[in-house]
Amino acid sequence: SQQGEEDPQALSIQEGENATMNCSYKTSINNLQWYRQNSGRGLVHLILIRSNEREKHSGRLRVTLDTSKKSSSLLITASRAADTASYFCATRGSNYKLTFGKGTLLTVNP
Amino acid sequence: DAGVTQSPTHLIKTRGQQVTLRCSPKSGHDTVSWYQQALGQGPQFIFQYYEEEERQRGNFPDRFSGHQFPNYSSELNVNALLLGDSALYLCASSLFKGDSPLHFGNGTRLTVT
């Protein structure tokens, strides 16, 4: 079963614009992670935020976590055509299992 | 430093047959997890192996089984294949302790006809 639910399912923007994706989850977590997947390939880890953190940055990525609302957002600033991919949030609970959402398909148009 | 490698990359099987998929983890990792990803969906957790034992299992039938070897590599076996087993099977390695993120292979695309 899916724990996380990304929103929107698909997002199309122009190069240089910012892209924001949201993730909601249902049960308590130890951490939340974001992964990227290019078409038909493996997932690549982007960033991890722990349950006691509210915001984290990595390059052009900014992740926020609101445990009271059970939600997270991923912001990609100054997007590039190479950012075109599917983005997944994944939650880890006390059992260490990582559970993925259905993903957001981001298309960045040149 | 090689990352996670999976073999084969593509596989076509007939309903009712059995299949074995293989995975070598990233150097230094001791834990292997297997995921099934249907088209347009997120990865679904099958099971996780650590110290050659199945540590956790997702909501998959007993037709799905696995093994981890002393060198940390792993196999996923699926018996009595169904059409619905057609998917991308992803192997991911990590460290068992701490907040180790998953490192994924590029997967095995299984088609059941």
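Each chain gets a letter, A, B and so on, in the order its sequence line appears, and its residues count up from 1.
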Inset, instruction - Check whether more than 12 heavy atoms from other residues, nucleotides or ligands sit under 6.0 Å from atom CG of B/Leu83, and answer yes or no. - result: yes
Inset, instruction - Decide if atom CZ of B/Arg57 counts as having more than 12 heavy atoms of other residues, nucleotides or ligands within a radius under 6.0 Å. - result: yes
Legend entry - Heavy-atom proximity to chain A below 4.5 Å, by part of B/Leu102: both
Inset, instruction - Measure across A/Arg41 and B/Leu88 and return the closest heavy-atom pair with its distance rounded to 0.1 Å. - result: O-CD2, 4.3 Å
Inset, instruction - Determine the option with the most heavy-atom pairs under 4.5 angstrom with chain B, choosing from A/Asn30, A/Leu48, A/Leu98, A/Leu105. - result: A/Leu98
Inset, instruction - Consider only side-chain heavy atoms of I, L, V, M, F, W and Y, link residues closer than 4.5 Å, and tell whether B/Trp34 and A/Phe88 are in one cluster. - result: no
Legend entry - Segment of B/Ser100 engaging chain A (4.5 angstrom heavy-atom cut-off): backbone
Inset, instruction - Taking the six-membered ring for Trp and the full ring for Phe, Tyr or His, determine whether the centres of A/Phe100 and B/Phe45 are under 6.0 Å apart. - result: no
Inset, instruction - Check the hydrophobic clustering (I, L, V, M, F, W, Y; side-chain heavy atoms under 4.5 Å; chains of links allowed) and say if B/Tyr89 and A/Leu43 are grouped together. - result: no
Inset, instruction - Look up atom CG in A/Asn38 and atom CG in B/Asn106, then write down how far apart they are to the nearest 0.5 Å. - result: 9.5 Å
Inset, instruction - Tell me, for B/Gln37 versus chain A, whether the close heavy atoms (under 4.5 Å) come from the side chain, the backbone, both or neither. - result: side chain
Inset, instruction - May I ask you to check whether over 12 heavy atoms, not counting those of A/Gln9, lie within 6.0 Å of atom CD? - result: no
Inset, instruction - Verify the cluster assignment for A/Val44 and A/Leu106: are they in a single hydrophobic cluster under the rule of side-chain heavy atoms below 4.5 Å apart? - result: no
Inset, instruction - Please report the closest heavy-atom contact between B/Pro43 and A/Gly101, naming both atoms and the distance. - result: CD-O, 4.5 Å
Inset, instruction - Give the member of A/Gln37, A/Gln33, A/Glu6 that has the highest number of heavy-atom pairs under 4.5 Å with chain B. - result: A/Gln37
Legend entry - Pairwise distance NE2(A/His45) to NE2(B/His103) - rounded to 0.5 angstrom: 8.0 Å
Inset, instruction - Treating Ile, Leu, Val, Met, Phe, Trp and Tyr as nodes and any side-chain heavy-atom pair under 4.5 angstrom as an edge, say whether B/Phe64 and B/Leu81 lie in one connected cluster. - result: yes
